[in-house]
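Order of the sequence lines fixes the chain letters, A, B, ..., with proteins taken first and strands second; residue numbering starts at 1 for each chain.
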Number of protein chains: 2
Amino acid sequence: MPSARKTSQQADADVFTAIAHPVRRRILELLADQEQNVMSLSQPFAAEISRSAISQHLKILQDSGLVEVRKQGREHLYRLEVENLNEVYRWIQQYERFWTLKLDALGEYLENADKHGV
Amino acid sequence: MPSARKTSQQADADVFTAIAHPVRRRILELLADQEQNVMSLSQPFAAEISRSAISQHLKILQDSGLVEVRKQGREHLYRLEVENLNEVYRWIQQYERFWTLKLDALGEYLENADKHGV
DNA sequence: TTGACCTGTAAGCAATCGCTAACGTACAAT
DNA sequence: ATTGTACGTTAGCGATTGCTTACAGGTCAA
C-alpha cells in the first residue's frame with residue numbers, strides 16, 4: 001500500500017469531536033486553500049479569539065490526524081490531511097439512501113406541480 | 001416547496017455537535033432500521049448508561065432536528081429525520097476532491113505495481 | 001382506584017471544554 | 001549579544017457536558 005506509513009502520528013482523537021467546533025471547521029477550510037502558518041491562521045479570528053486558542057485548536061486537529069505540521073524556520077506550517085475525514089464521510093454515506101428517497105419524492109412533487117400548473 | 005413546514009420545531013442546535021457523541025451516532029443508526037421507543041433504544045446501552053441519559057441524548061438529537069417524536073399511548077416513538085445531516089454532508093463534500101486525488105494516486109500506484117510485478 | 005409502566009426533567013456532581021494570560025523555547029535579525 | 005518574532009504549553013477560570021439519582025406526569029391493566 002502507498003501510505004502504509006503512519007506518518008509518525010496515529011489519529012488518537014475522535015474526528016467527529018474535532019470537527020464539532022465551528023472554529024476548527026473554519027481552520028480546515030482555510031487550510032483547504034493552502035498550507036499556512038499559525039499567524040496566518042489566527043488572523044481571521046483575531047477579533048474574537050487569541051492566537052493561543054488557535055494553537056490549541058490546531059493541537060486537537062493534529063491529534064485527530066486532520067492536520068499535519070512541517071517546521072520551516074521559526075514558523076510551523078500546517079496542511080490539511082483529509083484522509084481521516086473518510087470516517088465521517090463513510091458514516092454519513094450510510095444515510096444517503098434517505099436523501100435519494102427524499103429527492104425522488106421531491107421530483108415527483110415537482111412533476112405533478114408542473115402537470116397541474118402551479 | 002414540499003416541506004416548507006418547519007415540522008413545528010426548527011433546528012436550533014448544531015448538527016455537528018449532535019453527531020459528535022458516539023452514543024448519539026449509535027442511536028441514529030438504530031433509528032435507521034426502524035422507528036423505536038426509548039426503552040428499545042436504551043436496551044443496547046443498558047450495561048453502560050441509564051435510560052435517563054438516553055433520554056437526554058434524544059433531546060439533543062431532537063433539538064438538532066435529526067430526530068422526531070410521535071407519541072403513541074404511553075410510549076414515545078422516535079424516528080430518524082435525516083434531512084439536517086445535509087449540512088454535514090455538504091460540508092464534507094467540499095473535500096471530496098482531495099479523496100479523488102488520493103484515489104487517482106492510488107490507482108496510478110497500483111497500475112505501476114502491476115506492470116512491474118509486485 | 002391502585003399499581004405497574006413509559007417517559008421527561010430537574011438537581012447535583014465530576015470531568016471536560018474553551019478561553020485568556022503568562023511563560024518558555026527556538027529561530028531570525030540587527 | 002540583544003532584541004523581536006513565531007510558536008507551544010501551562011495554569012487557572014467560568015461554562016458546559018455527560019452522567020446518575022430522584023421525582024413527577026401521563027398511560028394502561030387489574
Side-chain angles (χ1 to χ4, degrees), chain A residues 8-9 12-31 34-81, chain B residues 8-9 11-28 30-31 34-81:
Chain A
S8 83
Q9 64 187 3
D12 48 354
D14 184 21
V15 179
F16 285 90
T17 302
I19 66 170
H21 200 288
V23 167
R24 289 196 289 266
R25 285 200 300 278
R26 188 82 189 95
I27 289 177
L28 294 179
E29 289 167 15
L30 291 171
L31 290 176
Q34 56 179 334
E35 190 178 46
Q36 259 167 302
N37 63 11
V38 182
M39 283 299 295
S40 161
L41 285 171
S42 304
Q43 191 261 338
F45 307 97
E48 301 136 29
I49 60 180
S50 69
R51 176 202 57 82
S52 172
I54 298 296
S55 221
Q56 293 172 52
H57 281 304
L58 284 170
K59 174 84 166 74
I60 292 173
L61 288 172
Q62 199 176 340
D63 287 348
S64 75
L66 289 174
V67 141
E68 286 195 1
V69 209
R70 175 172 69 91
K71 301 184 183 179
Q72 185 181 44
R74 58 184 161 186
E75 54 188 344
H76 296 197
L77 296 174
Y78 285 83
R79 66 177 157 82
L80 191 60
E81 193 58 55
Chain B
S8 82
Q9 64 186 2
D12 48 355
D14 185 21
V15 180
F16 284 90
T17 302
I19 66 170
H21 199 289
V23 168
R24 289 196 288 266
R25 285 200 301 278
R26 187 82 190 93
I27 289 176
L28 293 179
L30 292 171
L31 289 176
Q34 56 179 336
E35 190 180 46
Q36 259 167 301
N37 62 10
V38 182
M39 283 299 295
S40 161
L41 285 171
S42 303
Q43 190 261 341
F45 307 97
E48 301 137 29
I49 61 180
S50 71
R51 176 203 56 83
S52 174
I54 299 296
S55 220
Q56 292 171 51
H57 280 306
L58 284 169
K59 175 85 167 73
I60 292 172
L61 289 172
Q62 198 177 341
D63 287 347
S64 75
L66 289 174
V67 141
E68 285 195 4
V69 209
R70 175 172 70 91
K71 301 185 183 179
Q72 185 181 43
R74 58 184 162 188
E75 56 188 342
H76 296 197
L77 296 174
Y78 285 83
R79 66 177 157 82
L80 190 61
E81 192 58 54

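- Among the candidates B:Leu80, B:Leu30, B:Leu77, the single residue satisfying the side-chain contact (heavy atoms from CB on, under 4.5 Å) test with B:Gln36 is B:Leu30.
- Atom CD1 in A:Ile54 sits roughly 11 Å away from atom P in D:dG8 (whole-Å rounding).
- We find that CG of B:Leu58 is positioned 11 Å from C1' of C:dG8, with the value rounded to whole Å.
- Of all heavy-atom pairs between A:Phe16 and B:Ile19, the closest is CD2-O, 3.7 Å.
- A donor-acceptor contact shorter than 3.5 Å links the side chain of B:Arg25 to the backbone of B:Ala20.
- Under the 3.5 Å distance criterion, the side-chain polar atoms of B:Ser55 are left unmatched by any main-chain donor or acceptor of B:Arg51.
- Computed from coordinates, the A:Arg24 CZ to C:dC17 C1' distance equals 9 Å when rounded to whole Å.
- As rounded to whole Å, 12 Å separates atom C1' of D:dC7 from atom CD of A:Gln62.
- In this structure, A:Asp14 atom CG and D:dG18 atom P are separated by 12 Å, rounded to whole Å.
- Dashed line: the shortest gap from a side-chain N or O of B:Ser50 to OP1 or OP2 of D:dC19 is not under 4.0 Å.
- Among all heavy-atom pairs drawn from B:Tyr78 and B:Leu31, the shortest one is O-CD2, 3.3 Å.
- Among the atoms of the strands shown, only primed sugar atoms or phosphate atoms (P, OP1, OP2) are found under 4.0 Å from some heavy atom of A:Lys59.
- Remark on the helix from C:dT1-D:dA30 to C:dT30-D:dA1: inter-end axis angle 10°, axes from five-pair C1' superpositions, rounded to 10°.
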* Asked: Yes or no on side-chain contact (heavy atoms from CB on, under 4.5 Å) for A:His57 and A:Ile27, after CA distance, side-chain angles and deciding distance?
  -> CA-CA 9 Å; A:His57 281 304; A:Ile27 289 177; 4.0 Å; yes
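- Listed for the A:Arg24 side chain is a donor-acceptor partner under 3.5 Å among the backbone atoms of A:Thr17.
- Heavy atoms of B:Glu48 sit under 4.0 angstrom from primed sugar atoms or phosphate atoms, though from no base atom.
- To the nearest angstrom, C1' of D:dG8 lies 14 Å from CD1 of A:Ile60.
- Atom CD in A:Gln72 sits about 13 Å away from atom P in D:dA6, given to the nearest Å.
- Contact check, B:His57 against D:dC19: a side-chain N or O comes under 4.0 Å of OP1 or OP2.
- Between B:Gln56 and A:Gln56, the residue anchored nearer the 5' end of DNA chain D, judged by the nucleotide with its closest heavy atom, is A:Gln56.
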* Structure fact -> Expected string for nucleotides 2-7 of chain C under the B/S/- scheme (protein heavy atoms, under 4.0 Å, primed atoms plus P, OP1, OP2 as sugar-phosphate) is ---BSB
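- Atom CD1 of A:Ile27 is separated from atom C1' of C:dG18 by 13 Å (rounded to the nearest Å).
- Sorted by first and then second residue, the pairs that involve residues 34-47 of chain B and meet salt bridge (charged side-chain N to carboxylate O under 4.0 Å, His left out), not counting sequence neighbours, are B:Glu35-B:Arg70.
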* List the steps and the verdict of side-chain contact (heavy atoms from CB on, under 4.5 Å) for A:Glu68 and A:Gln62. => CA-CA 6 Å; A:Glu68 286 195 1; A:Gln62 199 176 340; over 6 Å; no
